[in-house]
Amino acid sequence: MSLRFQALNNLLNNTDVSVESPSKITAIFGENVFTLKTAREYLSDEAFKSLNASIKGSKKIDRAVANQIANGLRAWAEKKGVTHFTHWFQPLTGSTAEKHDSFFTIKSDGNPLEEFDGAALIQQEPDASSFPSGGLRATFEARGYTGWDPSSPVFIMEIGQGKTLCIPTIFVSYTGESLDYKAPLLKAIEAVNKAAVDVCNYFDKNVAKVTPTLGWEQEYFVIDEGLANARPDLVQCGRTVYGASPAKGQQLEDHYFGSIPERVYTFMRDFEQEAYKLGIPLRTRHNEVAPAQFECAPIFEEVNLAVDHNILLMDIMERVARRHKLKVLFHEKPFAGINGSGKHNNWSMATDTGVNLLAPGKTPKTNLMFLTFFVNSIKAVHDYADVLRASIASAGNDFRLGANEAPPAIISVFIGEYLTKVLYDIETRVGDKFDEQDEAILKLDLHRSIPELMLDNTDRNRTSPFAFTGNKFEFRAVGSAANCANAMIALNTIMAETLRTFKQDVDALIEKGEKKEIAIMHIIQKYIVESKKVLFEGDGYSEEWHHEAERRGLPNVPTTPLALDAMITEKAKQLFESNDVYNHIELEARHEIELEKYIKKVQIEGRIMGDLALNHIIPSAIEYMNKLTANINSIKATGLPESACASQMAILKEMTERVQTVYEKVHAMVEARKVVNNMEDTRTKAIAYCSQVKEAFFDDIRYQVDKLEQLINDELWTLPKYREMLLMR
Ligand code: ADP
Ligand code: MG
């Protein structure tokens, strides 16, 4: 019996796992996190103060104190039954990495002992050679090390086998180049902090720190694990390369906000509890548009923490799903013909005085501060749309961007009718006429008008890749499988750059004798004029927008290999170097890594398509064709006229043709891959994988296979079908 039927059988006999809920979330929230409150309990005064200062980013922890902190961590962990620790980091493979060490050691005198010292806390050397480095290590230094990042708290992972103390770290080479997502993210956060504080001080001298904030919305699919395991394509590339659309897809639109199926609901409660223990502040859960698609979102946090929490949650979800015999799919497009998944990144900046810089103010002064950050955000996106686009480019996301369900590959900004009018008013004010009228603008009732407009949903646009939603921007083009860090590095760096320029521009006017507020208004006006072409309020999915965007000169790069070019332009190098986020060597290495990831993804998909065609589809087809032939022969043997088996003949004919086409195309694709594999230059190769392998063959082969699926006797088909994966519970 094929795995498909075994899985279907098991599905009938499934019993639900039961999950007990805590009476209150607060009872378990953060219990597996070494919070400052826990630190207070386990650390000496000196160690606590030192840890606290380093979390606030102001001081390095010295070795002696690190020993004390390590001891405190071990005491806490051991009390919770932990025997191992790991440096937890985010390499460029996209997932997280850990290498477990035990506290157990044997001293030189032969005494066994449990130990965890400051050195082990601060630095480790994982075998770096198995992580992508884009040639960095070849050129520089073979080793890499992980370094403790005190700004993200230590936690205990207790799902699956054993319990492990996880220490969030950055991963860098011995010569200092970043090999992960976290090191440059921390630098980008620092860049935007500096630049934003300077600008804030125009309005409020008390602001000493600005922290970017992130609230992500994670979309995902959940299907039965047995069915998923019976699909080699899902197992190996996270998406189905074949599969005919079910009669009932999402056209009834009955899934969105419908009731959550019981089995999935239990799974959700289970992973939410694990998340709460780890301090991940999840708040919403609901069905998404497609069948078997769901979403969860937390309360927003500082970017650094939010990024860690997202990647940690993805890991938790995958682990917890196993308990329920479910499989979570984070791929951007696991199923053709129904919606794909994204990960909206809601982003803003907050001051240490408690102000959200993208929330409209209540007084004229705070209004002007809001307008400043709002317009600077638009200018940043306008000037660096290509950099933003590159930050979300991946083989998976290519299936989403540009399709009629997700934001297009054209980066535009939606701000709503009211703010469009406000900007227009400022823009069209003649030259230096702010003196008389600025009061009018500053007195705009932004803080009341905007939230109201945003709330009643008339002023929302779901088709925009970058939308203002009342008190934050929502970057919607991020892929569901991505580490948010990549998008956040780009966004915060371009914001830092734009704010720095803004400060210079305003200061120049002030030096010429202009009043501060007037100078600010003038530069805001200038920025509106310079960047207004990135503003778009219409339907981002429409064909007209593509033409209109072209007329406006907005970049539209639908495929990853070309979108990535924006990482290594002179402009990008200048941007990232001057903000101290990446040097040009790191940028080139990352560019190379992204291209290689793309090549591998497409290569694997191509292989799977060939494998499934030759080992599953064609054999099933031949079996059915044999049955048809036998049937035709026996009908003929009865002496009935040819016409008696006309439909069998028709099916047989169609099948032979389709089988032939599949076979030929699979072979042609193999030949094409050979040619492409011989290409030397990584970029050329990635482009060729896109055009000569993916675009030249994938859809054509799939079309034939999906037709065969609909012709062949259901009992002979070995791969779980869409209707089974998506609709059966
Ligand atoms: P929706 O977009 O579905 O209407 P909300 O407006 O409640 O939902 O927020 C969506 C996401 O935006 C949530 O994850 C929330 O935490 C996040 N968010 C809200 N305010 C901010 C902010 N100032 N900075 C970053 N994220 C925010
Ligand atoms: Mg949203």
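Order of appearance sets the numbers: ligands from 1, and atoms from 1 within every ligand. Please read all numbers here as calculations on a predicted model, not as lab measurements.
- Less than 6.0 angstrom separates the ring centroid of F466 from the ring centroid of F473.
- With ring centers used as reference points, F155 lies under 6.0 Å from W88.
- Of the polar atoms of F300, at least one N or O is found under 3.5 Å from an N or O of ligand 1, judged by distance alone.
- Taking E272 as the reference, R285 meet the salt bridge (Lys or Arg N to Asp or Glu O under 4.0 Å) condition, with sequence neighbours excluded.
- Under the 6.0 Å cut-off for aromatic ring centres, F221 and F294 do not qualify, their centroids lying 6.0 Å or more apart.
- Remark: ligand 1 and R462 share no N or O pair separated by less than 3.5 Å (distance only, no angle test).
- Heavy atoms from both the backbone and the side chain of N346 come within less than 4.0 Å of ligand 1.
- Using a 4.0 Å heavy-atom cutoff, N356 is listed among the residues neighbouring ligand 1.
- The option from R283, E295, E474, E302 that lies nearest to atom 7 (O) of ligand 1, judged by heavy atoms, is R283.
- With ligand atoms numbered from 1 in the order given, ligand 1 contributes 22 (C), 23 (N), 24 (N), 25 (C) to contacts under 4.0 Å with heavy atoms of T213.
- The ring of Y527 has its center closer than 6.0 angstrom to the ring center of F502.
- Near I299, meaning under 4.0 Å from any of its heavy atoms, are these atoms of ligand 1: 16 (O).
- In this structure, F374 has its ring center under 6.0 Å from that of F468.
- Not one N or O of L214 is nearer than 3.5 Å to an N or O of ligand 1, by distance alone.
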